[in-house]
Amino acid sequence: MAKSMTAYGRATDIINGKEILVEIKSVNSRYLDCTVKISRLYSYLEERAKAYLAAKGITRGKIDLYIGVNLLTNKGTEICLDEAFAESYIAALRKLRDRFDLADDISVMSVARNSEIFAQKHPAEDEEEAWGDILPVLDEALNGFLSMREREGENLKRDLLAKKEELVSMVEKVALRAEQYTAAYRTKLETRLRNVLSELNVSADEGRILTECAIFADRTAVDEELVRLRSHFTAYDEIFASAEPIGRKLDFLLQEMNRETNTIGSKCNDKETSAMVVEMKCLLEKIREQIQNIE
């Protein structure tokens with residue numbers, strides 16, 4: 001199935017006194033690169049969230065997942081004083097005062113401006129309960145994200161299949177032109193050889209003439225390349241019909257198409273065929289760029 005690697009999903013809800021926000025976005029990447037940012041209190045759920053995304057069938061892309069949890073109720077949260085840090089901090093302030101002869105304005109409020117002397121102490125929360133609260137919001141964001149990937153993937157599929165049909169048409173034109181060009185050039189070569197031999201008063205060796213013409217025809221023949229290209233087009237359609245991720249398979253197949261097209265270009269000595277090969281290569285490059293967006 002064609003799925004785009006570029007997508008976005010967002011959801012928010014209030015569950016059990018928690019205001020939960022989930023955002024997920026992705027861009028192209030050769031492999032799966034997942035980054036999870038989650039409120040510090042629930043950081044232990046980071047790996048679980050990554051595993052959940054993988055279980056949903058996400059195999060490629062640079063994924064950024066944000067899970068924000070804002071506690072709307074106290075539920076036993078306490079603000080604690082880090083006494084050791086506060087003692088060291090106040091001692092440093094006094095040393096600063098004495099060393100530089102500053103005004104002594106050390107007060108509770110001035111010290112309290114340094115938030116590091118305080119720590120939040122939260123009551124222990126069951127991991128399954130916390131995950132159960134986050135999961136519905138994560139699912140909602142993920143459903144929107146996956147739907148967008150599928151929609152964009154279908155658009156890419158239509159475009160890529162249309163471009164393949166253009167390639168099919170070009171290949172048939174190249175095949176027809178190659179047949180015409182080889183036959184015409186063979187006749188031209190044979191005539192030229194006979195004329196040269198006649199001018200030199202040398203009797204024509206029919207076997208030799210036919211051999212030289214056959215060597216040329218074999219050197220410029222592109223039948224094998226055209227057969228392989230047609231086979232690649234069939235494989236192209238089959239890949240798009242697959243239910244599995246197809247991006248890497250398409251990327252490999254496109255390399256093979258490029259190889260056959262380059263070989264045709266190196267064999268032909270005909271301007272018209274060369275122009276068609278250039279056009280094919282331009283179209284293959286457009287397909288390559290689009291394939292980079294597919295999972």
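Bear in mind the structure is a predicted one, so any value in this text is a computation, not a measurement. By convention here, the first residue in the shown sequence is residue 1.
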*Asks:* Does atom NZ (Lys50) have a neighbourhood of more than 12 heavy atoms from anything else shown, all under 6.0 Å?
*Replies:*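 Result for NZ/Lys50: enclosed.
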*Asks:* Side-chain contact test, heavy atoms from C-beta onward, threshold under 4.5 Å: evaluate it for Ile239 versus Phe252 and give yes or no.
*Replies:*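 No, every pair of side-chain atoms sits at 4.5 Å or beyond.
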*Asks:* Between Asp105 and Arg97, does any side-chain N to carboxylate O distance fall below 4.0 Å?
*Replies:*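 No, Asp105 and Arg97 are not salt-bridged.
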*Asks:* Does CD belonging to Glu127 count more than 12 external heavy atoms closer than 6.0 Å?
*Replies:*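 It does: Glu127 CD has more than 12 such atoms within range.
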*Asks:* Name the residue from Glu172, Glu260, Glu224 that meets the salt bridge (charged side-chain N to carboxylate O under 4.0 Å, His left out) definition with Arg230.
*Replies:*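 Considering Glu172, Glu260, Glu224, a salt bridge (charged side-chain N to carboxylate O under 4.0 Å, His left out) with Arg230 is found only for Glu172.
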*Asks:* In terms of side-chain heavy atoms, does Glu152 have a donor or acceptor partner in Thr6 at a distance below 3.5 Å?
*Replies:*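 No, because no side-chain N or O of Glu152 sits under 3.5 Å from a partner of the opposite role on Thr6.
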*Asks:* Do Ile291 and Leu156 make a side-chain contact, defined as non-hydrogen atoms from C-beta onward lying under 4.5 Å apart?
*Replies:*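 Ile291 does not reach Leu156 side chain to side chain.
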*Asks:* Could you tell me whether a side-chain N or O of Ser231 sits under 3.5 Å from a main-chain N or O of Val227, the two making a donor and an acceptor?
*Replies:*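 It does not hold such a pair.
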*Asks:* Same hydrophobic cluster for Met170 and Leu284, using side-chain heavy-atom links shorter than 4.5 Å among ILVMFWY?
*Replies:*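 Yes; Leu284 is reachable from Met170 via cluster members.
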*Asks:* Give a yes or no answer on whether the side chain of Thr261 reaches the backbone of Met257 with a donor-acceptor pair at less than 3.5 Å.
*Replies:*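 Confirmed, Thr261 side chain pairs with Met257 backbone.
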*Asks:* For Lys281, I'd like to know if atom NZ has over 12 heavy atoms of other residues, nucleotides or ligands within 6.0 Å.
*Replies:*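 No.
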*Asks:* Do the side chains of Asp133 and Lys18 get close enough for a salt bridge, i.e. N-O under 4.0 angstrom?
*Replies:*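 Salt bridge between Asp133 and Lys18, a charged N being under 4.0 Å from a carboxylate O: yes.
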*Asks:* Give a yes or no on whether a salt bridge exists between Glu256 and Arg259, defined as a side-chain N under 4.0 angstrom from a carboxylate O.
*Replies:*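 Salt bridge: yes.
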*Asks:* Does Leu254 reach the side chain of Ile287, with side-chain heavy atoms less than 4.5 Å apart?
*Replies:*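 They are in side-chain contact.
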*Asks:* Side chains of Glu116 and Tyr89: do they bring a donor and an acceptor to under 3.5 Å?
*Replies:*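 Per modelled atom types, Glu116 and Tyr89 side chains form no pair under 3.5 Å.
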*Asks:* To the nearest 0.5 Å, how far apart are OG in Ser274 and NZ in Lys267?
*Replies:*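 Between Ser274 OG and Lys267 NZ, I get 14.0 Å after rounding to 0.5 Å.
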*Asks:* Got a second to check how far Arg158's CZ is from Phe240's CZ, nearest 0.5 Å?
*Replies:*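 Nearest 0.5 Å value for the CZ-CZ distance: 11.5 Å.
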*Asks:* Take Asp33 and Ile63, measure what side chain to side chain contact (heavy atoms under 4.5 Å, CB included) needs, and give me the verdict at the end.
*Replies:* CA-CA 6 Å; Asp33 178 11; Ile63 313 294; over 6 Å; no
*Asks:* Nearest 0.5 Å, what's the OG-CG distance between Ser88 and Leu93?
*Replies:*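 Answer for the OG-CG pair, Ser88 versus Leu93, is 9.5 Å.
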*Asks:* Is there a side-chain contact between Val22 and Arg10, using heavy atoms and a 4.5 Å cut-off?
*Replies:*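 In short, these two side chains do not touch, never coming nearer than 4.5 Å.
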*Asks:* Using 4.0 Å as the upper bound for N to carboxylate O, is an ion pair formed by Glu279 and Lys173?
*Replies:*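 Not counted as a salt bridge, because no side-chain N and carboxylate O are separated by less than 4.0 Å.
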*Asks:* Of the non-hydrogen atoms in Gln290 and Leu160, which two are nearest, and what is the gap between them?
*Replies:*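 Closest pair (atom of Gln290, atom of Leu160, distance): CB-CD2, 3.6 Å.
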*Asks:* In sequence, state the C-alpha distance, the side-chain angles, and the governing distance for Arg48 and Glu128, and then conclude on salt bridge (Lys or Arg N to Asp or Glu O under 4.0 Å).
*Replies:* CA-CA 11 Å; Arg48 190 165 183 174; Glu128 293 303 321; 2.9 Å; yes
*Asks:* For Ile67 and Tyr42, what are the C-alpha separation, side-chain angles and deciding distance, and is it a side chain to side chain contact (heavy atoms under 4.5 Å, CB included)?
*Replies:* CA-CA 9 Å; Ile67 302 174; Tyr42 299 95; over 6 Å; no
*Asks:* Using side chain to side chain contact (heavy atoms under 4.5 Å, CB included), reason through Val137 and Leu21 one step at a time and then give a plain yes or no.
*Replies:* CA-CA 7 Å; Val137 189; Leu21 168 65; over 6 Å; no
*Asks:* Check this for me: does any side-chain nitrogen of one of Asp159 and Lys163 sit under 4.0 Å from a carboxylate oxygen of the other?
*Replies:*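 Yes, this pair counts.
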*Asks:* Taking the side chain as C-beta and beyond, is there a heavy-atom pair between Cys34 and Val36 under 4.5 Å?
*Replies:*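 Heavy-atom side-chain distance check passes, below 4.5 Å.
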*Asks:* Go through Ile58 and Leu142 one step at a time and tell me if the side chain to side chain contact (heavy atoms under 4.5 Å, CB included) criterion holds.
*Replies:* CA-CA 11 Å; Ile58 300 174; Leu142 193 55; 4.2 Å; yes
*Asks:* Determine, using the 4.5 Å side-chain heavy-atom cutoff (strictly less than), whether Val171 and Val222 are members of one ILVMFWY cluster.
*Replies:*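 Yes; tracing contacts between hydrophobic side chains, which count when under 4.5 Å, links both residues.
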*Asks:* Would you call Asp64 and Lys62 a salt bridge, taking side-chain N to carboxylate O under 4.0 Å as the test?
*Replies:*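 Looking at Lys62 together with Asp64, the answer is yes, because their closest N to O distance falls below 4.0 Å.
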*Asks:* Tell me the closest heavy-atom pair linking Ala2 and Lys157, and the distance in Å.
*Replies:*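 Residues Ala2 and Lys157, closest heavy atoms: CB-CB, 4.0 Å.
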*Asks:* Roughly how far, to the nearest 0.5 Å, is OG of Ser242 from CE of Met1?
*Replies:*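 One gets 9.5 Å once the value is rounded to the nearest 0.5 Å.
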*Asks:* Here's a test for you: under side-chain contact (heavy atoms from CB on, under 4.5 Å), which of Asn258, Asn262, Val174 qualifies with Met280?
*Replies:*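 In the set Asn258, Asn262, Val174, the residue that makes a side-chain contact (heavy atoms from CB on, under 4.5 Å) with Met280 is Val174.
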*Asks:* If you group Ile, Leu, Val, Met, Phe, Trp and Tyr by side-chain heavy-atom gaps below 4.5 Å, do Val278 and Val168 land in one group?
*Replies:*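 No; Val168 is not reachable from Val278 via cluster members.
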*Asks:* Kindly indicate, with the supporting measurements, whether the criterion salt bridge (Lys or Arg N to Asp or Glu O under 4.0 Å) is fulfilled by Lys164 and Asp237.
*Replies:* CA-CA 9 Å; Lys164 188 227 50 173; Asp237 290 336; 2.9 Å; yes
*Asks:* Do Ile38 and Tyr66 make a side-chain contact, defined as non-hydrogen atoms from C-beta onward lying under 4.5 Å apart?
*Replies:*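 They are not in side-chain contact.
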*Asks:* Please lay out, stage by stage, how Arg228 and Glu225 fare under the test salt bridge (Lys or Arg N to Asp or Glu O under 4.0 Å).
*Replies:* CA-CA 5 Å; Arg228 284 194 288 268; Glu225 288 76 18; 3.8 Å; yes
*Asks:* Is there a path from Leu138 to Tyr44 through hydrophobic residues (I, L, V, M, F, W, Y) whose side chains come within less than 4.5 Å of each other?
*Replies:*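 Same hydrophobic cluster.
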*Asks:* Roughly how far, to the nearest 0.5 Å, is OG of Ser115 from CG of Asp82?
*Replies:*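 Atom-to-atom, Asp82:CG and Ser115:OG are 11.5 Å apart.
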*Asks:* Is the side chain of Ser107 donor-acceptor paired with the backbone N or O of Ser110 at a distance under 3.5 Å, no angle test?
*Replies:*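 Flag set: sc Ser107 to bb Ser110 pair under 3.5 Å.
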*Asks:* Measure from the side-chain N and O atoms of Tyr8 to the backbone N and O of Met148, and report whether any donor-acceptor pair falls under 3.5 Å.
*Replies:*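 Between the backbone of Met148 and the side chain of Tyr8 there is no qualifying donor-acceptor contact (under 3.5 Å).
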*Asks:* Any non-hydrogen side-chain atom of Glu165 less than 4.5 Å from a side-chain atom of Phe233?
*Replies:*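 Answer no - side chains too far apart.
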*Asks:* So does Glu285 pair up with Arg288, basic N to acidic O under 4.0 Å?
*Replies:*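 Between Arg288 and Glu285 there is a salt bridge, with a charged N closer than 4.0 Å to a carboxylate O.
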*Asks:* Side-chain donor-acceptor pair under 3.5 Å between Asp139 and Tyr52, yes or no?
*Replies:*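 Yes, because at least one side-chain N or O of Asp139 sits under 3.5 Å from a partner of the opposite role on Tyr52.
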*Asks:* Could you pull out the closest heavy-atom pair between Trp131 and Ala49, with the gap in Å?
*Replies:*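 Taking Trp131 first and Ala49 second, the nearest heavy atoms are CH2-CA, 3.9 Å.
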*Asks:* Please step through salt bridge (Lys or Arg N to Asp or Glu O under 4.0 Å) for the pair Glu46 and Lys37, ending with a clear verdict.
*Replies:* CA-CA 8 Å; Glu46 180 177 329; Lys37 294 181 180 179; over 6 Å; no
*Asks:* Looking only at heavy atoms, which two atoms of Ile117 and Ala86 are closest? And how far apart?
*Replies:*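 For Ile117 versus Ala86, the nearest heavy atoms are CG2-CA, 4.2 Å.
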*Asks:* Taking the side chain as C-beta and beyond, is there a heavy-atom pair between Arg149 and Glu295 under 4.5 Å?
*Replies:*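 Yes; the side chains approach each other to less than 4.5 Å.
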*Asks:* Under a 3.5 Å threshold, yes or no: a donor from one side chain and an acceptor from the other, between Ser266 and Thr263?
*Replies:*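 No.
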*Asks:* If only atom types and distance count, is the side chain of Thr12 paired as donor or acceptor with the main-chain N or O of Ile20 below 3.5 Å?
*Replies:*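 Yes, Thr12 side chain to Ile20 backbone: donor-acceptor pair under 3.5 Å.
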*Asks:* Report the distance from atom CZ of Arg248 to atom OH of Tyr31, rounding to the nearest 0.5 Å.
*Replies:*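 Between Arg248 CZ and Tyr31 OH, I get 6.5 Å after rounding to 0.5 Å.
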*Asks:* Which heavy atom in Val277 sits nearest to a heavy atom in Gly265, and how many Å separate them?
*Replies:*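 Shortest heavy-atom contact: CG1-CA, 3.9 Å.
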*Asks:* Are Leu161 and Leu283 connected, step by step, through hydrophobic side chains (Ile, Leu, Val, Met, Phe, Trp, Tyr) whose heavy atoms are closer than 4.5 Å?
*Replies:*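 Cluster IDs for Leu161 and Leu283 match.
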*Asks:* Considering non-hydrogen atoms only, spot the tightest contact between Ala141 and Ile24 and give its length.
*Replies:*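 Minimum heavy-atom contact is O-CG2, 4.0 Å.
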